[in-house]
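Worksheet: one structure, shown below.
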Amino acid sequence: MIKQKKILPIDKFIDIALYDKNYGYYSKNNPLGKNGDFVTAPLISPLFSEMIFIWVISYWIKIGKPNKFSFVELGPGDGSFCKTFCRILKRFSEFEKSIKIYLFEKSEKLIGTQKKNIKSKNVVWIKNLNEIKNGPILFFGNEFFDSIPIKQFIFKKKQLYEKYIELDKGKFKKFHLKKTSIKIKKELDSLDLIKKFKLIEYPKMGLEILKKLIKKVKKYKGGILFIDYGYLQSKGIDTLQSVMSHKKNKYFNNIGKADITYLVNFQLLKKFIESNSLFLNEIVEQSFFLKKMGISERAEILSRKMTFKEKSDLYYRLERLLSEKKMGSLFKVLFANSENLKFNLGFK
Ligand SMILES: C[S@@+](CC[C@H](N)C(=O)[O-])C[C@H]1O[C@@H](n2cnc3c(N)ncnc32)[C@H](O)[C@@H]1O
């Protein structure tokens, strides 16, 4: 593909680097965990998934305990979140009878890992969101949006250019700039992305998926809960980043061997969701959300029966989730709903 096209727009390049069926990063590796390249909140501590479980069951109660409730996890990674979720679910028989859990995953390799980790009659795997035919639906994605490729644009002498990458024999050669089409320029304009900044990041593929989620929750009623790292105010900087074995990597190096992500523009998601007439809670930081959900109290209860070593480990993990310098502030929580539910558990 790279040979045929010679140069590729950034999003196409990332898509191949991460998801190509034979050579893509997510198709070959299990990137998560100590032996992988990075860890996510469900792997840091099951307390994170417990808090989300409490939030989801509370949401189900709030919408009147519907006896058919679809819960969709977007990009479940190695299945850690869903494994904890299903373990707790067993204790809530009424909820267990109502819920159907859909796992929406692109990587065959990760589907294999998830199937090994999750054994529950409530869970099905889907490749297409149209396979969900029952509502209300709640979509949940932790670090999902940041794994969907983005486009980048650069302003030069009042002209807008899209950034392309050229590879030679699979290695980075140089970047190219191509004049942006009127169609794309209009899209950027409609999202209010063309500002004074020199660099613009546009999650075109991500917004296409989000649009599908919005359509679903409008049709069947329901909501979208996203947790991801990102910002509320754009600074117009290049946020593309890559990690390999828990260390920084230039995203155009080690293609297929390293993860590539970016910082999510929550202001843009807010605007997009509101312009599609969903109701949005005020976006909060992960530490605010988890504390409101009672994570510290839960840790305190668990720690009572723990040895000193176990306690230290528990609080070390809690600190990673909550600390401002770690995931606490950088990660944001967004909740949108088809109706004005006034459901502010975990929010302001
Ligand atoms: C960074 S991992 C997050 C894993 C997990 N949610 C966690 O918190 O541990 C991103 C996940 O999203 C999946 N993914 C990315 N793009 C996708 C898409 N378009 N459709 C379905 N899954 C996708 C990846 O394969 C992977 O499972």
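Just so you know, these numbers come straight off a predicted model, no measurement behind them. Side chains are part of it too, since the values below use all heavy atoms of this structure and drop only hydrogens, waters and symmetry mates. Both ligands and their constituent atoms are indexed starting at 1 by order of listing.
Figure legend: Lys151 and Tyr202 shown without cation-pi pairing, the cationic atom not lying both under 6.0 angstrom from the six-membered ring centre and within 45 degrees of its axis.
Within the 3.5 Å criterion, the main-chain N or O of Lys271 finds no donor-acceptor partner in the side chain of Glu274. A donor-acceptor pair is defined here as one N or O able to donate and one able to accept, closer than 3.5 Å; no such pair exists between the side chain of Asn253 and the backbone of Asn249. Not a single donor-acceptor pair under 3.5 Å links the side chain of Lys348 to the backbone N or O of Asn344.
Taking all heavy atoms of Tyr19, Phe144, Tyr26 into account, the minimum distance to atom 15 (C) of ligand 1 is reached by Tyr19.
Summarising the local packing, NZ of Lys257 is surrounded by 12 or fewer heavy atoms from other residues, nucleotides or ligands at distances under 6.0 Å.
Within ligand 1, counting atoms from 1 as listed, the ones closer than 4.0 Å to a heavy atom of Pro42 are 8 (O). Atoms of ligand 1 found under 4.0 Å from any heavy atom of Leu110, numbered from 1 in the order shown, are 25 (O), 26 (C), 27 (O).
Of all protein heavy atoms, the one lying nearest to atom 8 (O) of ligand 1 is Asn142 ND2, 2.7 Å. For atom 12 (O) of ligand 1, the nearest non-hydrogen atom of the protein is Gly75 CA, 3.2 Å. Looking at atom 22 (N) of ligand 1, its nearest protein heavy atom turns out to be Lys106 N, 3.3 Å. Of the protein's heavy atoms, Glu105 OE1, 2.6 Å lies nearest to atom 27 (O) of ligand 1.
Between Phe140 and Phe81, a ring centre-to-centre spacing shorter than 6.0 Å is recorded.
Taking any N or O of Gly77, backbone or side chain, at least one lies under 3.5 Å from an N or O belonging to ligand 1. Checked against a 3.5 angstrom limit, the closest N/O atoms of Thr40 and ligand 1 fall inside it. Of the N or O atoms in Glu143, none lie within a sub-3.5 Å distance of an N or O in ligand 1.
Contacts between Leu18 and ligand 1, counted as non-hydrogen atom pairs separated by less than 4.0 Å, are absent for every part of the residue. Contacts between Leu32 and ligand 1 below 4.0 angstrom, taking non-hydrogen atoms only, involve the side chain exclusively. Residue contacts with ligand 1 for Ser80 are absent, since no atom lies close enough (heavy atoms, distance under 4.0 Å).
Put simply, CE on Met51 and CE on Met293 are 7.0 Å apart, with the number rounded to the nearest 0.5 Å. For the atom pair CG (Leu74) and CZ (Phe145), the distance works out to 10.5 Å, reported to the nearest 0.5 Å.
Using a 4.0 angstrom heavy-atom cutoff, Ile209 counts as in contact with ligand 1. The closest approach between any non-hydrogen atom of Phe104 and ligand 1 is below 4.0 Å.
Minimum interatomic distance between Ile111 and Glu105 (heavy atoms only, all atoms of both residues): CG1-CG, 3.5 Å. A pairwise comparison of heavy atoms in Lys109 and Ser27 identifies CB-O, 3.4 Å as the closest pair.
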